[in-house]
Amino acid sequence: MKKMLTVFLVLLIATFVLNVSPSKVSAAPIVMKLAETHPQDYPTTKGDYEFARLVKERSNGRIVVEVFHSKQLGEERAVIEQVQLGAIDMTRVSISAVSAFVRDLDAFQLPYLYRDAAHMWKVLNGPIGDEILKKHEAYNFVGVGWFEAGSRNFYTKKQVKTVGDLKGMKIRVQQAPLMVGMVEALGAVATPLPFGEVYSALQTGVVDGAENNWPSYLSTSHYEVAKYFIVDEHTRVPEITVGSKKVFDKLSKEDRALIIKAMKDAQPYQFKLWVDFEKVAEKTVRDKGSTITQVSPAEKQKFMNAMKPLYDKQPSEIMAVVNKIRAVK
Ligand code: GTR
C-alpha cells in the first residue's frame, strides 16, 4: 500500500514538474517507416514523399510517414518479409516482388495483358483493383495503392533483334515465379536476383541481360554494362505500396482510410513525373550510346505468341481475373 502511494506521488509530481499531461503523451505522432528501393530523386520516390506529405497534412501532423529510399532498409524481398512480420510499416515495391507472397497478383502482371496504360489504370482504380488490394489482408498485408511503372523491355550485352535471339540467354528476372515463367516461355534461362545485384551480374557476365523500364535502366546505370535495349514492351507491372496488417490493425478505421486516400491522391502526381521522366531517361540512354531496337508489329506478335503457353499454365482462378481485366473497355 505504501509502495503504491509512493508511485502515485512520484507520478503526480512528474506530471507537474515535467508538465507531462496524459493528453500530451497521446499527442505524439504515429511514425510509419516506408521502405523504397529507388534513389531520392526517382519519380516513384517523389511519389512516396507526396503521399507522406498528404498523410501529414490531412492528419494535422498526427501521422508521419518517413521515407527510407535507396534500399536503406534492404532489398525488396527482405523488406516485404519484414512488412509481413510488422517490423517495417510500409513499402513501395513492384507487384512482381509481392507476387511471390500474394500469387493472386500474377493476374495483374502477365505479359501483353493490358492494351495500354489507360486500360491498366482503369482496372487498378476500379472494382478489380480494389478487390485485389483487399485480398492482401489474407497474407498479413494491407494493399495501400498503386503507382505507375511503364512497361518493361529486355536489355542485353549482345544485340537482340528478334524473340528468337533471346534463346539460351541468361536473363535476370525479379524474384517472382511468374517472371521466371515469362522468360522461360521465350526460351531464355531465367536468373532471379535482387535488384541491387543486377549491375555486377551484368558486368561480370553472370547474366547476359535483364529487363526493366526506361527509368530503371538509366537510374541503375545498367545501360553502361548492357547497351542493347529492345523495345518489346513485354509487360506492364504496376508499383504497389503495401502496409503491414499488424501495424494497420492498430490504427483507427478513419486513419486507415486517410492513408489509403492519400495514396490515391498522390497517384496523378507520380504519374505525371513518371511520364516526363520516361522521356528524359530514353533520351539520356540514347545520348550515352545505347543501341535501341524498336520491334516491328509483326515481331511483337511473335513475342506475344511465345507467351501463350504461360497463359495456358495459369490456374483457373487467375484466368478468371485475366478475363475480367480483358473485358474492361
Ligand atoms: C523496378 C521497380 C523496382 C524493382 C525493380 C526490379 O522497375 O520499380 O521496385 O522491382 O524494377 O526489377 O527489381
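Below, each value reflects all heavy atoms present in this structure, side chains not excepted, and no hydrogens, waters or symmetry copies. Each ligand, and each atom within it, is numbered from 1 in the order the structure gives.
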**Asked** Does a side-chain N-to-carboxylate-O contact under 4.0 Å join D287 and K283?
**Response** yes

**Prompt:** Can you find a non-hydrogen atom of S216 under 4.0 Å from ligand 1?
**Reply:** yes

**Item:** Candidates I88, V247, V67 - the one meeting side chain to side chain contact (heavy atoms under 4.5 Å, CB included) with M32
**Value:** V247

**Complete:** Closest to atom 6 (C) of ligand 1 among protein heavy atoms sits F195 CD1, 3.3 Å

**Item:** ILVMFWY clustering at 4.5 Å (side-chain atoms), partners of L85
**Value:** none

**Item:** ligand 1 N/O within reach of N212 N/O, cut-off under 3.5 Å
**Value:** yes

**Message:** Using 30° and 60° as the class boundaries, would you call the ring planes of F229 and W214 parallel, tilted or perpendicular?
**Reply:** parallel

**Prompt:** What atoms of ligand 1 come within less than 4.0 Å of a heavy atom belonging to E239?
**Reply:** 2 (C), 8 (O), 9 (O)

**Request:** Look only at interatomic distance and state if E211 has a nitrogen or oxygen under 3.5 Å from any nitrogen or oxygen of ligand 1.
**Result:** no

**ligand 1 N/O within reach of E76 N/O, cut-off under 3.5 Å** = yes

**Request:** Please state whether T44 comes within less than 4.0 angstrom of ligand 1, counting heavy atoms only.
**Result:** no

**Message:** Quick test: of every protein heavy atom, which one is nearest to atom 12 (O) of ligand 1, and how far off is it to 0.1 Å?
**Reply:** R172 NH1, 2.8 Å

**Prompt:** Cluster question for you: counting only ILVMFWY and a side-chain heavy-atom cut-off of under 4.5 Å, with indirect links fine, are Y311 and Y114 together?
**Reply:** yes

**Message:** Counting the benzene-type ring for Trp, do Y139 and F101 have ring centres under 6.0 Å apart?
**Reply:** no

**Message:** Can you report which non-hydrogen protein atom sits closest to atom 2 (C) of ligand 1, along with the distance?
**Reply:** H38 NE2, 3.6 Å

**Asked** How would you list, by chain and number, every residue that makes a side chain to side chain contact (heavy atoms under 4.5 Å, CB included) with A262, sequence neighbours excluded?
**Response** F51, L54, V55, R58

